[in-house]
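Lettering of chains follows the sequences in order, A, B, ..., and the numbering in each one begins at 1. All figures in this text were calculated on a predicted structure; none of them were measured in a lab. Quick note: numbers below take in every heavy atom, side chains included, and nothing from hydrogens, waters or symmetry partners.
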Amino acid sequence: TCAILATLTLGVGSSRPTRAGVSNSFWWQEERYTDGSKWRFLEHKGPVFVPAYEPLPEKVKFYYNGKPMKLSAPAEEVATFFAKMLDHEYTTKDIFRKNFYKDWRKEMTSEEKSIITDLKKCDFSEMNEYFKAQSEARKQMSKEEKQKIKEENERLLSEYGFCIMDNHRERIGNFRIEPPGLFRGRGDHPKMGMLKRRIRPEDVIINCSKDSKHPKPPPGTKWKEVRHDNKVTWLASWTENIQGSIKYIMLNPSSRIKGEKDWQKYETARRLKKCVDRIRTQYREDWKSKEMRIRQRAVALYFIDKLALRAGNEKEEGETADTVGCCSLRVEHIKLFPKMDEQEYVVEFDFLGKDSIRYYNKIPVEKRVFKNLQLFLENKQPEDDLFDRLNTSILNKHLQELMDGLTAKVFRTYNASITLQQQLKELTCCDDSIPAKLLSYNRANRAVAILCNHQRAPPKTFEKSMQNLQTKIDEKQNQLSAARKQLKAAKANHKASHDDKSKKAVEVKRKAVQRIEEQLMKLQMQATDREENKQIALGTSKLNYLDPRISVAWCKKWGVPIEKIYNKTQREKFAWAIDMAEKDYEF
DNA sequence: CTACAGACTTGTGTCCATTTCC
DNA sequence: GGAAATGGACACAAGTCTGTAG
């Protein structure tokens, strides 16, 4: 930070009440804006654009109906997008093909349109092979060539990858404009295959402060607009053509603007901790309400609290994949079982959530919840809303009344963080080794990931890598017994001779045994951890739901180096927490 | 209330560099 | 030395939530 601040050439405008000019000030030691403004000074170079399309070499041909056909540059470019994806399952899907074909035709000349009338008769395979060869060639490049590319990337990063916001030089998150290509939605997306068009400077709005050096558009082009809105955090934006939504260029998570917000998020969750009992009592009471909308609200909130479900905004039908959250659950997504196995009042959830990830869970609920659900289901079709008198806006308005700043997602943050803290308390044994403590940490993290339904497909190489690890463990075990034998022999030898040399030998062997024991244990911990982690992804919860101060405090308390928990990027993002949290921090 | 724009967070998949393995 | 495994960085899609207009 010192170096960074020293090089600042801020104009006026650094009247943000900070320790401006103090070289080692961290943003979390500074005062915050109270008027809703996000910055006073903002200077950057604008985004990096995708290079213009380079037509294919003459020899690489596209064939229609078996005959080579030279395409116009615009049509060829879009064709290459498809050709690059030939190995992907996407290109076999009807919707993908239909959407692609429709958008491709828009790029064709009228002559091309008249010739190309059937996608099935299009042969992109030569193009596909060309791109494969290209990427192969890239892998085969010499060290020098690779180094050159690396340096060019670093140059681009240093020029465009940073901005100055108030008194800090900050890393920009995504300073590159998204390249054109074919849209790949997740799940069953109705728009998959559509052409994502090329973004030009004329599409881009720049946001910076008036008194900054404005970014220059590439030669011969203009920005759509240059504005100076310090109530928002983005540096540039454009409207994307698939959903018509706005894309932004914003700062890296290590930045003040993101860090402050993140910190604030956890403070809100901590305030929920103080009143969550009251809120729980209230919604249980509301299960008995005379009003349907209140009962629905109370049951939905119970699910959000107990199961960490997302809020579930309404979505425009046909625009996106059919996924739901709590408030948008439909009748077809739950099943009620008055009795199941040993349990009473079991609800089975089965639906596609965010990113079309399946949520499947069977949970026993209170009788009153169960009876309410039966009531909500009465006279409804499978595709009807379960909570027909509720949406996220109603729910959040209610939550706002219960606590300032409370929204549905705060429950996810709160429950995730409190679970981590409880699990850490429960699982950590003070005289465990560091690897054992790390296993406990990962187990606590895992409990959260399971709660939040952060699944992953088991890695393709999972079984094999488990086997490899087991082999290592077996080898280590053999080593250990060998070392133990040697120790025994050394002891016997020492007993016989009683000299210094043999005594030393015993010590050496003892150390060796100890070392191997440690290594073995470490491997065993690793194996357990990996096995338990087969279908669980820890990253998302670690990055977005767990108050980092809990982890930092845990590390300090047990003498675990922070690097064992957070990698470099994560340490940058959580620098505020690493600096602030002491070993007695309580979420 | 509904619809929509806008801003920001959360989430997965993929690419790529580094490490590990043989 | 090269191939395979691994983990981090990045891309960008898909959510949440707020505000505003009608």
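- Sorted by residue number, the members of residues 292-310 of chain A with any non-hydrogen atom under 4.0 Å from DNA chain C read A:R310.
- A centroid separation of less than 6.0 Å is found between the aromatic rings of A:F124 and A:W104.
- When distances run from any side-chain atom of A:N391 to the nucleotides B:dC8, B:dT2, B:dT12, the shortest one goes to B:dT2.
- Taking only side-chain atoms of A:K265, from C-beta outward, the nucleotide of C:dC10, B:dT10, C:dC17 with the closest atom is B:dT10.
- For A:F351, the ring pair (Phe, Tyr, Trp, His ring centres under 6.0 Å) partners two or more places apart in sequence, or in a different chain, are A:Y359.
- Looking at residues two or more places apart in sequence or on another chain, you find no salt bridge (Lys or Arg N to Asp or Glu O under 4.0 Å) involving A:R97.
- Evaluated for a side chain to side chain contact (heavy atoms under 4.5 Å, CB included) with A:D547, the options A:W263, A:Y414, A:Y266 yield exactly one hit, A:Y266.
- Residues from residues 392-418 of chain A lying near DNA chain B, meaning a heavy-atom separation below 4.0 Å, are A:K409, A:R412 in numerical order.
- Every residue was checked against the salt bridge (Lys or Arg N to Asp or Glu O under 4.0 Å) condition with A:R271, not counting sequence neighbours, and none meets it.
- For the pair A:F183 CZ and C:dA13 C1', the computed distance is 6 Å after rounding to whole Å.
- Computed from coordinates, the A:W263 CH2 to B:dT9 P distance equals 16 Å when rounded to whole Å.
- When the side-chain nitrogen and oxygen atoms of A:N313 are compared with OP1 and OP2 of C:dT16, one or more of them lie within a distance under 4.0 Å.
- With sequence neighbours excluded, no residue forms a ring pair (Phe, Tyr, Trp, His ring centres under 6.0 Å) with A:Y130.
- Atom CD1 of A:I357 is separated from atom C1' of C:dA14 by 11 Å (rounded to the nearest Å).
- Residues A:F100 and A:F82 bring their aromatic ring centres within 6.0 Å.
- Comparing A:R184 and A:I257 by the nucleotide of DNA chain B whose heavy atom lies nearest to each, the residue mapping closer to the 5' end is A:I257.
- In this structure, A:K315 places its NZ atom 16 Å from P of B:dC4, rounding to the nearest Å.
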Please enumerate all protein N or O atoms sitting under 3.5 Å from an N or O of nucleotides 5-7 of chain B, with distances to 0.1 Å.
from: B:dA7; atom 1: OP1; to: A:W234; atom 2: NE1; distance (Å): 3.4
from: B:dA7; atom 1: OP2; to: A:W234; atom 2: NE1; distance (Å): 3.4
from: B:dA7; atom 1: OP2; to: A:Y248; atom 2: OH; distance (Å): 2.8
from: B:dA7; atom 1: O5'; to: A:Y248; atom 2: OH; distance (Å): 3.4

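- Under the salt bridge (Lys or Arg N to Asp or Glu O under 4.0 Å) criterion, A:R186 pairs with A:D355, sequence neighbours left out.
- If you measure from atom CG of A:L390 to atom P of B:dC1, you get 11 Å, rounded to the nearest angstrom.
- Ring planes of A:Y566 and A:F574: tilted class, angle from 30 to 60°.
- Rounded to whole Å, atom C1' of B:dA17 lies 16 Å from atom CG of A:L157.
- Residue A:N174 has no polar side-chain atom (N or O) positioned under 4.0 Å from OP1 or OP2 of C:dA11.
- As judged by a 4.0 angstrom heavy-atom cut-off over every strand, A:T323 is placed among residues touching the sugar-phosphate backbone only.
- For A:E178, the side chain to side chain contact (heavy atoms under 4.5 Å, CB included) criterion is met by A:K196, A:W238, A:K247, not counting sequence neighbours.
- For the pair A:E154 CD and C:dC10 P, the interatomic distance rounds to 12 Å; values are reported in whole Å.
- With sequence neighbours excluded, the residues satisfying ring pair (Phe, Tyr, Trp, His ring centres under 6.0 Å) with A:H454 are A:Y545.
- The salt bridge (Lys or Arg N to Asp or Glu O under 4.0 Å) test applied to A:K45 returns A:E159, not counting sequence neighbours.
- If you look at A:F349 and A:Y360, their ring centroids are not closer than 6.0 Å.
- Place A:N567 and A:L182 on DNA chain C by their nearest nucleotides, and A:N567 ends up nearer the 5' end.
- Between the side chain of A:H44 and the main chain of A:G46, a donor-acceptor pair closer than 3.5 Å is present.
- Nucleic acid contact for A:D355: sugar-phosphate only, since backbone atoms but no base atoms lie under 4.0 Å from a heavy atom of the residue.
- If you take CG of A:L251 and C1' of B:dC8, they are 12 Å apart, rounded to a whole angstrom.
- The A:A311 side chain lies nearest to C:dT16 when the options are C:dC10, C:dT16, B:dT10.
- The closest donor-acceptor contact from the side chain of A:D286 to the backbone of A:I294 lies at 3.5 Å or more, if one exists at all.
- Using a 4.0 Å cutoff on non-hydrogen atoms, the parts of residues 187-200 of chain A near DNA chain C are A:H189, A:K196, ordered by number.
- A:G325 comes within contact range of no nucleotide atom at all, as no heavy-atom separation falls under 4.0 Å.
- Between B:dT9 and A:K258, a contact under 4.0 Å exists linking OP1 or OP2 to a side-chain N or O.
- Distances shorter than 4.0 Å separate some side-chain N or O of A:T540 from OP1 or OP2 on B:dT12.
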